[in-house]
Number of protein chains: 4
Amino acid sequence: MAPVTNDETAVRRRIPTQGRSRARVERILDAASQIVLADGIEALTTRTVADVAAMPVASIYQYFSDKDAVLLAICERDMAEMDEQVAADLGRLTRLSVRSVVETTMRAYVTVYHRRPAFMQIWLRGRTNNAVNDYGRRHNQRTAADLLAFARERDLVTPDTPAAVAELGVEIGDRVFQLAFEKEVRGEPFLIEEGIEMVVAYLERHATPAGLEGVPA
Amino acid sequence: MAPVTNDETAVRRRIPTQGRSRARVERILDAASQIVLADGIEALTTRTVADVAAMPVASIYQYFSDKDAVLLAICERDMAEMDEQVAADLGRLTRLSVRSVVETTMRAYVTVYHRRPAFMQIWLRGRTNNAVNDYGRRHNQRTAADLLAFARERDLVTPDTPAAVAELGVEIGDRVFQLAFEKEVRGEPFLIEEGIEMVVAYLERHATPAGLEGVPA
Amino acid sequence: MAPVTNDETAVRRRIPTQGRSRARVERILDAASQIVLADGIEALTTRTVADVAAMPVASIYQYFSDKDAVLLAICERDMAEMDEQVAADLGRLTRLSVRSVVETTMRAYVTVYHRRPAFMQIWLRGRTNNAVNDYGRRHNQRTAADLLAFARERDLVTPDTPAAVAELGVEIGDRVFQLAFEKEVRGEPFLIEEGIEMVVAYLERHATPAGLEGVPA
Amino acid sequence: MAPVTNDETAVRRRIPTQGRSRARVERILDAASQIVLADGIEALTTRTVADVAAMPVASIYQYFSDKDAVLLAICERDMAEMDEQVAADLGRLTRLSVRSVVETTMRAYVTVYHRRPAFMQIWLRGRTNNAVNDYGRRHNQRTAADLLAFARERDLVTPDTPAAVAELGVEIGDRVFQLAFEKEVRGEPFLIEEGIEMVVAYLERHATPAGLEGVPA
DNA sequence: AATGAATGAGGATTCATTCAT
DNA sequence: TATGAATGAATCCTCATTCAT
């Protein structure tokens with residue numbers, strides 16, 4: 001699956017992709033992640049970021065058009081990793097079915113949420129922020145489209161399965177994670193497991209016999 | 001089902017239930033609803049409320065201990081209505097099954113969201129706010145417990161169905177609504193319908209044969 | 001010694017001296033004392049007083065012209081007691097000298113500060129308040145005049161001792177108490193003892209031989 | 001005597017010591033001084049300071065962590081001058097005795113109070129403020145310790161003179177000034193003179209013969 | 001006499017963002 | 001490119017006091 005790219009941030013203000021600047025951008029991103037992780041998204045102010053990144057507030061505006069752009073950049077950075085994880089884990093499957101695809105995808109998400117707790121915080125708990133929210137919505141749509149294409153190509157779902165069904169599946173998966181990670185940093189296992197079951201049960205309504213029984217990858 | 005009551009707001013500062021004061025409280029509540037509805041929950045400040053309600057900021061504090069209390073009061077007011085709607089609609093059912101109970105309950109919610117758009121806004125889009133969020137969490141738990149008891153008494157679900165399953169059902173229903181009402185003030189019909197299917201499909205995993213086929217009310 | 005009376009409060013607004021009203025005034029005074037004692041003079045607001053006194057805020061204005069008047073009333077009430085204590089203790093002396101008069105007077109103050117901790121709080125720690133401060137200044141002047149007359153009549157001090165000397169003695173005694181009671185509710189004993197010595201040493205500069213050696217009362 | 005330094009303010013927020021910023025800090029300090037001098041310490045609000053300093057309220061927070069820090073900064077600035085004045089005047093003495101040391105020190109204070117009326121206002125009349133009060137207490141202790149060491153080294157007081165005696169001396173001197181400057185901006189001369197006598201009389205109780213008669217500096 | 005209700009006038013502090021250098 | 005400095009615009013909340021009843 002192709003990673004979902006979003007150029008908006010880069011457009012708003014040119015973000016350098018190499019050299020010393022690159023390092024400073026990373027420092028800002030890391031600082032922001034750290035703050036959100038430690039004290040929640042409301043604690044993220046230009047000052048706190050600048051303090052943690054040990055650079056002047058004004059420097060943030062050298063690389064980012066505004067505060068939201070920082071959040072978005074983190075999302076993009078870590079979301080690329082997320083997409084890669086999903087692609088890799090799906091690629092490793094030997095037997096494909098609606099269940100195995102859903103399960104693998106959702107567990108890949110959990111893997112990354114565990115590896116990137118700050119991203120989890122921003123992504124699952126910081127959806128307050130409009131920029132984050134919009135990005136999320138778009139990413140979910142793209143992910144749904146990709147997954148649907150993937151499943152259709154392999155005859156796991158009926159050809160007439162509407163895009164909206166895939167989208168709902170992804171969105172609900174998303175909400176399940178929001179719920180599971182709400183109180184528990186590692187996500188409540190029961191909620192995660194049951195959430196997977198729920199999405200599987202829902203999507204299997206559109207599965208082909210092959211999608212139900214599974215086929216060699 | 002017993003309505004979920006939460007006296008916290010009233011406790012924080014006495015809210016009069018009659019007389020002219022009552023009217024001013026309503027004016028504040030309505031102003032707040034209007035603001036949230038029009039510009040989102042972040043637009044709700046003591047000043048905007050006071051302006052819209054055409055009264056001094058200080059007057060708000062005559063009736064509410066703080067800003068959160070205003071939000072909470074709206075939730076309580078409209079949530080009581082919600083509970084009544086659910087109870088009434090369930091009471092009108094002639095045939096009970098997991099599906100009919102879930103469907104009726106969720107549609108009752110939609111009914112109230114349509115009737116109370118500001119509440120919808122606060123409830124579904126304003127979960128940012130901690131006070132609202134906490135109240136929501138508690139209300140969801142209570143609702144889940146009530147519904148589970150209701151289903152158990154009528155043998156619709158297996159006796160060992162864990163409380164967490166009901167909670168997940170309610171929470172996911174909640175999230176489905178958040179999703180459906182995110183862009184569309186009336187809620188996206190497709191998402192609502194499919195969301196109902198999803199919750200039904202999930203909960204039927206714990207249904208008794210009676211719960212699947214249905215029994216006379 | 002005649003008690004120092006200050007009618008200002010009563011003038012500002014008529015304070016009833018009998019009947020049910022009297023009881024309500026006392027309740028306000030006691031509430032205020034309690035608050036100041038417990039949380040300092042900044043905690044004294046019309047609302048806190050009303051709450052503790054279990055009556056509406058507006059009722060306070062029935063008896064007192066403003067917040068300051070409440071403080072003043074406490075001062076007057078307890079200061080009368082102070083004056084009585086001083087007069088009584090001086091009256092019990094069998095041998096009069098500058099030292100014995102100063103010592104007796106200052107110890108009488110300590111006695112009352114111990115008996116009326118709220119008064120101590122207002123008087124010694126709450127001199128912030130202009131009303132209290134002004135009242136204090138006036139009372140100190142009157143006390144100084146009374147004591148000087150007392151000492152002169154008995155030939156304890158030289159006839160030409162200026163009033164200002166007595167005033168300074170009283171004022172410094174006052175400051176010694178402020179200092180001694182600053183941290184310690186009962187007053188730091190060392191500071192009290194030394195303070196007495198200081199005032200005695202100062203005033204003995206104006207003593208007659210009789211005032212130094214002492215004369216039968 | 002070493003000046004009493006207190007870095008708290010500078011720590012709370014970096015105060016620039018040179019350049020244009022320095023000038024703005026001075027403007028704030030001067031504005032605050034002016035306000036306190038004109039209308040008392042209660043008139044000192046962020047807004048009044050900003051108005052008088054002709055800069056936005058927010059700018060105050062560029063240099064000071066909070067309102068108290070402004071007061072403290074004035075105290076520190078002028079108290080340093082005070083310490084220098086005392087040290088200089090003591091250094092100029094040709095004959096040392098308890099009396100000459102006390103007298104010189106107290107007159108040095110008066111000199112600075114005359115030169116810095118705003119400081120006098122804050123220091124002597126603004127002890128209301130907790131920050132000022134705490135700073136004052138600490139400074140008094142330090143001053144007492146320094147003076148005691150000074151006097152001991154020169155055998156002016158008995159070696160066993162307790163620290164508390166010096167502290168009481170300083171504190172009472174402080175209170176004498178509070179009293180003398182209460183109504184009179186230049187301090188009531190009589191009160192100042194008599195106050196000096198009082199402190200001298202008290203401290204001479206702990207003087208050595210040398211401390212009474214005086215020794216060459 | 002008593003009081004519920006109403007409010008004008010502040011008060012401290014925060015924050016994202018923009019410039020001049 | 002980098003940044004120290006500056007600030008407009010808000011934000012929530014408190015309090016003493018006054019009326020109409």
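Protein chains get the first letters and strands the later ones, always in sequence-line order, with residue 1 at the start of each.
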* Asked: Does any residue of residues 37-56 of chain B have a heavy atom under 4.0 Å from DNA chain F, and if so, which ones, in number order?
  -> Leu44(B), Thr45(B), Thr46(B), Arg47(B)
In this structure, how many angstroms lie between the [atom2] atom of [N] and the [atom1] atom of [X], rounded?
{"X": "Asp66(C)", "N": "dT17(F)", "atom1": "CG", "atom2": "C1'", "answer": "10 Å"}
{"X": "Tyr61(C)", "N": "dG4(E)", "atom1": "OH", "atom2": "P", "answer": "16 Å"}
{"X": "Ile60(B)", "N": "dA5(E)", "atom1": "CD1", "atom2": "P", "answer": "17 Å"}
{"X": "Gln62(D)", "N": "dC15(E)", "atom1": "CD", "atom2": "C1'", "answer": "12 Å"}
{"X": "Ile28(B)", "N": "dT7(E)", "atom1": "CD1", "atom2": "P", "answer": "10 Å"}
{"X": "Phe64(B)", "N": "dA5(E)", "atom1": "CZ", "atom2": "C1'", "answer": "15 Å"}
{"X": "Ile35(A)", "N": "dC15(E)", "atom1": "CD1", "atom2": "P", "answer": "11 Å"}

Is the shortest side-chain heavy-atom distance between [X] and [Y] below 4.5 Å?
{"X": "Tyr63(C)", "Y": "Ser21(C)", "answer": "yes"}
{"X": "Ile28(D)", "Y": "Met55(D)", "answer": "yes"}
{"X": "Phe119(A)", "Y": "Val36(A)", "answer": "no"}
{"X": "Leu72(A)", "Y": "Phe64(A)", "answer": "no"}

Enumerate, atom names and distances included, each donor-acceptor pair closer than 3.5 Å involving a side-chain atom of residues 39-47 of chain D, sequence neighbours excluded.
unit_1: Thr45(D); atom_1: OG1; unit_2: Arg47(D); atom_2: N; d: 3.3
unit_1: Thr45(D); atom_1: OG1; unit_2: Thr48(D); atom_2: N; d: 3.0
unit_1: Thr45(D); atom_1: OG1; unit_2: Thr48(D); atom_2: OG1; d: 3.2

* Relative to the 5' end of DNA chain F, which residue comes earlier, Val57(A) or Val57(D), by the nucleotide with the nearest heavy atom? -> Val57(A)
* **Ile74(D) CD1 to Tyr135(D) OH distance, which is reported to the nearest 0.5 Å** => 12.0 Å
* Among all residues two or more places apart in sequence or in another chain, which pass the side-chain contact (heavy atoms from CB on, under 4.5 Å) test with Asp30(D)? ->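 Result, side-chain contact (heavy atoms from CB on, under 4.5 Å) vs Asp30(D): Glu26(D), Arg77(D).
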* Sequence neighbours left out, what passes side-chain contact (heavy atoms from CB on, under 4.5 Å) with Val132(D)? Give chain and number order. => Leu71(D), Cys75(D), Ile122(D), Trp123(D), Arg127(D), Asn129(D)
Where is the tightest heavy-atom contact between [X] and [Y], given as atom of each residue plus distance?
{"X": "Ala50(A)", "Y": "Pro56(A)", "answer": "CB-C, 3.9 Å"}
{"X": "Arg27(C)", "Y": "Ala54(C)", "answer": "NH2-O, 3.2 Å"}
{"X": "Ala118(D)", "Y": "Ser33(D)", "answer": "CB-CB, 3.1 Å"}

* Asked: Under 4.0 Å between a side-chain N/O of Ser59(A) and OP1 or OP2 of dA2(F), yes or no?
  ->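 For dA2(F), neither OP1 nor OP2 has a side-chain N or O of Ser59(A) closer than 4.0 Å.
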* Taking only side-chain nitrogens and oxygens of Tyr63(A), does any of them come within less than 4.0 Å of OP1 or OP2 of dA2(F)? -> yes
* Asked: If you pin Arg24(B) and Lys67(D) to their nearest nucleotides in DNA chain E, which one's is more 5'?
  ->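 Its nucleotide being nearer the 5' end, the pick is Arg24(B).
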Taking N or O atoms only and anything under 3.5 Å, show me the protein contacts with nucleotides 19-21 of chain E, one pair per line.
none

* Structure fact -> Dot-bracket assigned to DNA chain F with the 3.5 Å Watson-Crick/G-U criterion, [ ] for crossing and | for other-strand pairs, is .||||||||||||||||||||
